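All ligand and atom numbering here is 1-based and tracks the order in the structure. In this text the structure is predicted, and so the values were computed from the model without any measurement.
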Amino acid sequence: MDFTLSKEHDMVRTLFKDFAENEVKPLAQEIDEQHRFPRETVDKMAKYGFMGIPVPKEYGGQGADTLAYAMCVEELSKVCGTTGVIVSAHTSLCIDPILTFGTEEQKQKYVVPLAKGEKLGAFGLTEPGAGTDAQGQQTKAVLDGDEWVLNGSKCFITNGKEADVYVIFAVTGKVEKRGRIMKEISAFIVEKGTPGFTFGTKENKMGICASSTYELIFTDCRIPKENLLGAQGKGFNIAMHTLDGGRIGIASQALGLAEGALETTINYVKERKQFGKAIGAFQNTQFQLADMATKVEAAKMLVYKAARKKDEYKKDPKVSYSVEAAMAKLYAAEVAMEVTTKCVQLHGGYGYIKEYDVERMMRDAKITEIYEGTSEVQRMVISAALLK
Ligand SMILES: Cc1cc2nc3c(=O)[nH]c(=O)nc-3n(C[C@H](O)[C@H](O)[C@H](O)COP(=O)(O)OP(=O)(O)OC[C@H]3O[C@@H](n4cnc5c(N)ncnc54)[C@H](O)[C@@H]3O)c2cc1C
């Protein structure tokens, strides 16, 4: 067991940290208030290679490991939760399933421009009637000659409208499993601009306000037959596998938010004086900081462990990182919520004011307990493995 980071990891972390401080932090408050997608930051991240960190070089990526990718999302999220999730949804939810399940043609056509950051990616699974119960989806895809015809809608899609490439799930028929009739779900790659593919409601959210969350609408949307991703009927497995990886991204986002809020608060309590001394001199403040730092460190270990396990899977597909990813996401999200809430408290009235970053971090932290599987879902995944 090795808890130390390699020199390479230390070096890339410095690169991510400098970029976050110089390019992301100055915009974080403004884009949050304006609910404006930070396209200029995405363009800069493409230049630095941040949009394809764990993608092999032959597919346009950086050829780095999952841990380096997790550290990128973590460093971005320390200063801006929105920027963290843009990279995470693009990499984990769009590139990863095409890289894992796509044909060579699909990888050349889609992964290469996505990994280079020339295109942005998104993932459409959720529907109004199918959130936690992802099998409940209604969107249909019917094969008609050489084309699949999609009808239905998806809601709450991160990078919606801004993204060029969408991994979409739809019902392609019915199958009998253990005497029960079940929906057959398949995965597809759909490009923005395809006739019949439009965008509906833009969500007005509590946090990650600059992230673009849209409804996707498919009305007789025809896509080429070869845009089926993986085998027909394997869509649910593809979605679940993809979310296992995505959870490492969201866990990294949550970790970054907790670390960012804690760092900001440590600086604040050293400066702010009441009763003639810094509020950091009160034991209540000190003990709260100690508890928070301990939980953040524990979260970090779980997140890095899950990232390393995903890298083991890359070498040996029999390795599962599902439970590690669920534990990391569950714990890091709950730590992010607890830490950011306490950090607002330690800022007193100033913590409630938008000028001080901690209120934004607290709003951003809440979503990490909900998307890519709620905390309840993570508990189901973990307990199912315990009781197997
Ligand atoms: C900002 C944002 C971005 C998102 N981005 C994406 C995206 O890019 N792509 C995508 O496909 N989806 C996305 N989602 C959707 C997100 O993953 C779902 O909202 C989430 O999975 C929960 O589904 P739901 O909202 O339908 O809640 P529900 O499933 O209705 O759940 C409501 C509550 O009931 C609980 N619950 C449900 N079933 C059970 C059960 N069996 N046992 C115990 N408790 C249960 C849940 O844990 C939750 O607390 C996003 C959502 C938001 C808000």
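Partners of D2 according to the side chain to side chain contact (heavy atoms under 4.5 Å, CB included) rule, which considers only residues two or more places apart in sequence or in another chain, are T4.
For the 3.5 Å distance criterion, the side chains of Q253 and Y371 qualify, holding a donor opposite an acceptor. For the residue pair E184 / Q232, a side-chain donor-acceptor distance below 3.5 Å is found, with atom types taken as modelled.
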Show the distances, to 0.1 Å, for all pairs joining an N/O atom of ligand 1 and a protein N/O atom that are shorter than 3.5 Å, listing one pair per line.
{"from": "ligand 1", "atom 1": "5 (N)", "to": "F156", "atom 2": "O", "distance (Å)": "2.7"}
{"from": "ligand 1", "atom 1": "5 (N)", "to": "T158", "atom 2": "OG1", "distance (Å)": "2.7"}
{"from": "ligand 1", "atom 1": "8 (O)", "to": "T158", "atom 2": "N", "distance (Å)": "2.9"}
{"from": "ligand 1", "atom 1": "8 (O)", "to": "T158", "atom 2": "OG1", "distance (Å)": "3.3"}
{"from": "ligand 1", "atom 1": "9 (N)", "to": "F123", "atom 2": "O", "distance (Å)": "2.8"}
{"from": "ligand 1", "atom 1": "11 (O)", "to": "L125", "atom 2": "N", "distance (Å)": "2.9"}
{"from": "ligand 1", "atom 1": "11 (O)", "to": "T126", "atom 2": "N", "distance (Å)": "2.9"}
{"from": "ligand 1", "atom 1": "11 (O)", "to": "T126", "atom 2": "OG1", "distance (Å)": "3.1"}
{"from": "ligand 1", "atom 1": "12 (N)", "to": "T126", "atom 2": "OG1", "distance (Å)": "2.6"}
{"from": "ligand 1", "atom 1": "14 (N)", "to": "F156", "atom 2": "O", "distance (Å)": "3.4"}
{"from": "ligand 1", "atom 1": "29 (O)", "to": "T132", "atom 2": "N", "distance (Å)": "2.9"}
{"from": "ligand 1", "atom 1": "29 (O)", "to": "T132", "atom 2": "OG1", "distance (Å)": "2.6"}
{"from": "ligand 1", "atom 1": "47 (O)", "to": "T374", "atom 2": "OG1", "distance (Å)": "2.7"}
{"from": "ligand 1", "atom 1": "47 (O)", "to": "E376", "atom 2": "OE1", "distance (Å)": "2.8"}
{"from": "ligand 1", "atom 1": "49 (O)", "to": "E376", "atom 2": "OE1", "distance (Å)": "3.4"}

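Evaluation of the side-chain hydrogen bond (donor to acceptor under 3.5 Å, both in side chains) test over residues 262-277, restricted to residues two or more places apart or in two chains, returns none. Legend: ring pair (Phe, Tyr, Trp, His ring centres under 6.0 Å) pairs involving residues 128-152, not counting sequence neighbours, sorted by first then second residue: W148-F188.
Sparse packing is recorded around OH of Y352, with 12 or fewer heavy atoms of other residues, nucleotides or ligands lying under 6.0 Å away.
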